[in-house]
Amino acid sequence: MKWTLNKTNKKCCYFESFQFSWHFHMHSFPCKQISPMAASCVTKVELTISCENLLDMDVGSKSDPLCVLLMNTSGNQWFEVDRTERVKNCLNPKFAKKFVVDYYFEVVQKLRFSVYDIDNKTVDLSDDDFLGEFECSLGQIVSSSKLTRPLVLKNKKPAGKGTITISAEEIKDNRVVNFEAEARKLDKKDFFGKSDPYLEFYRQMETGWQLAHRTEVVKNNLNPCWKPFKIPLRSLCAGDMDKPIKVECYDYDNDGSHDLIGIFETNMKRLQEASRIKRNRKRKIIRTLESEYTFLDYIMGGCQLNFTVGIDFTGSNGDPRSPDSLHYISPQGVNEYLSAIWSVGLVVQDYDSDKMFPAFGFGAQIPPSWQVSHEFPLNFNPANPFCAGVEGVVEAYRMCLPQVKLYGPTNFAPIINHMARFAQQALQQNTASQYYVLLIITDGVITDMDQTRGAIVAASRLPMSIIIVGVGKADFTDMEILDGDDGRLRSVTGEPAVRDIVQFVPFRKFQNAPREMLAQCVLAELPQQVTSYFRYINLSPPHEPKQS
């Protein structure tokens with residue numbers, strides 16, 4: 001089959017016998033375990049990288065940039081994940097090679113994108129010019145879908161006007177297309193020789209065309225035959241057989257001023273037919289599958305996770321001024337309450353755009369009337385109980401401690417009902433735009449168990465989940481009942497919860513483990529709780545996510 005190469009100069013060239021063969025491979029892509037206690041990865045995410053206005057470090061030509069991805073999931077240990085290809089003589093590179101990473105919702109996966117000017121063939125980067133870097137978490141990227149940020153040097157000063165753009169896409173289709181391509185009678189673009197052609201395949205996006213693959217350069221040849229190559233179907237057309245695909249043919253030049261030979265557009269359906277005609281194959285039946293929205297479909301489609309903290313200020317915690325108290329803040333600035341806030345909050349905050357979190361206490365006498373309250377704001381501002389990020393919650397907790405009198409009893413129902421009212425309001429929007437996560441940190445046995453069971457059963461019909469962390473050495477048998485892992489939770493009247501929304505863990509299991517382990521345990525079920533809820537009430541993401 002022939003495709004005309006459209007171009008602006010006088011003569012028209014074409015691909016003759018553009019040979020294309022295809023078949024699909026279904027790969028399972030096993031996920032790596034970060035640690036023996038870590039849950040299986042939620043999914044895999046593909047990251048597409050481009051840069052603009054990079055520093056020009058070469059004399060007589062432009063920089064030859066390459067991007068390196070490093071990851072850190074614990075401590076200060078960074079490891080290299082992968083590298084893009086090097087793009088010659090270009091300060092605004094669009095890298096064809098994608099980064100594919102295992103995505104774990106319950107882990108803060110720190111990423112560092114480092115860009116270098118590569119002028120030699122050694123693997124070692126220490127002898128290459130550094131063009132800038134950017135650090136963030138994978139959670140920040142997927143919750144933004146597309147992120148553009150300035151590059152900085154090692155001293156944290158701006159790397160000129162250099163920026164990096166990272167686009168994230170969930171991998172849900174692992175089919176691969178095998179190509180064999182050749183061309184005939186291409187234009188001669190070089191004065192002292194024939195053209196050095198290569199191909200670029202582009203996928204159509206809402207904002208324009210995105211590079212999906214670049215072939216090798218065939219030197220000095222007007223009738224090139226490229227080596228067989230593979231392109232993931234998701235990268236080429238997001239799994240849509242009718243989605244336009246653009247192919248551009250260039251004559252390669254060492255100075256980066258590659259000459260366009262021609263362009264054509266097609267789609268996978270036409271390529272598939274061409275392949276069948278070429279090989280005289282019998283017609284095949286292509287099955288279409290009805291897909292369900294995934295957790296990242298909701299997150300990347302605009303769903304926000306709203307994080308709220310509830311802290312137990314009952315007298316059984318002990319006097320905060322005493323080292324024996326669970327509220328005692330050590331000289332190192334920690335206690336079990338703070339550790340739980342940091343551990344869970346650092347993960348969840350990446351999925352809330354404004355990062356303003358309500359924080360409440362319960363079971364204390366509060367000024368000025370010294371009445372017992374079971375849902376008082378830590379900042380004592382009922383009209384605005386929000387704290388700026390996890391740091392704001394921690395600061396409000398520290399400021400609150402010396403101003404209240406620990407009392408009792410330990411009632412959970414008021415703060416659960418408080419959160420449920422907001423979840424109920426969000427439900428009226430009739431879109432999957434809001435999901436609420438309540439973290440309750442407590443030291444003791446629940447006093448209002450019947451009311452709490454009723455509150456949880458009612459909340460199971462709302463877009464919310466409850467995480468309970470038990471601190472200290474108390475008997476947490478009642479908490480295990482609320483968790484519902486051993487059977488469906490029921491209210492006193494026998495009404496069952498429509499889904500399991502409670503996750504409980506005792507902090508003592510993690511006393512000697514890295515802080516990240518607590519978050520991995522208590523947040524492991526949250527992605528499934530989010531998707532199961534929105535599927536249950538048949539709500540789509542606010543914005544249609546990219547389909548792969």
Indicate yes or no: does [X] engage [Y] in a salt bridge with an N to O separation below 4.0 Å.
| X | Y | answer |
| --- | --- | --- |
| R488 | D500 | no |
| E46 | R234 | yes |
| D82 | K97 | yes |
| D56 | K62 | no |
| K98 | E169 | no |
| R214 | E85 | yes |
| D242 | K269 | yes |

* Output all residues satisfying ring-ring contact (aromatic ring centres under 6.0 Å, His included) with Y198, sequence neighbours left out; order by chain, then residue number. => Y250, H258
* **Counterpart residues, side-chain hydrogen bond (donor to acceptor under 3.5 Å, both in side chains), relative to K246 (two or more places apart)** => E248
* To do: Tell me, please, whether W78 has R112 positioned over its six-membered ring: NZ or CZ under 6.0 Å from the ring centre and within 45 degrees of its axis?
  => yes
* Do Q529 and S465 have side-chain atoms, one donor and one acceptor, less than 3.5 Å apart? -> yes
* To do: Assert yes or no for the condition that the ring centre distance of Y351 to F307 is strictly below 6.0 Å.
  => no
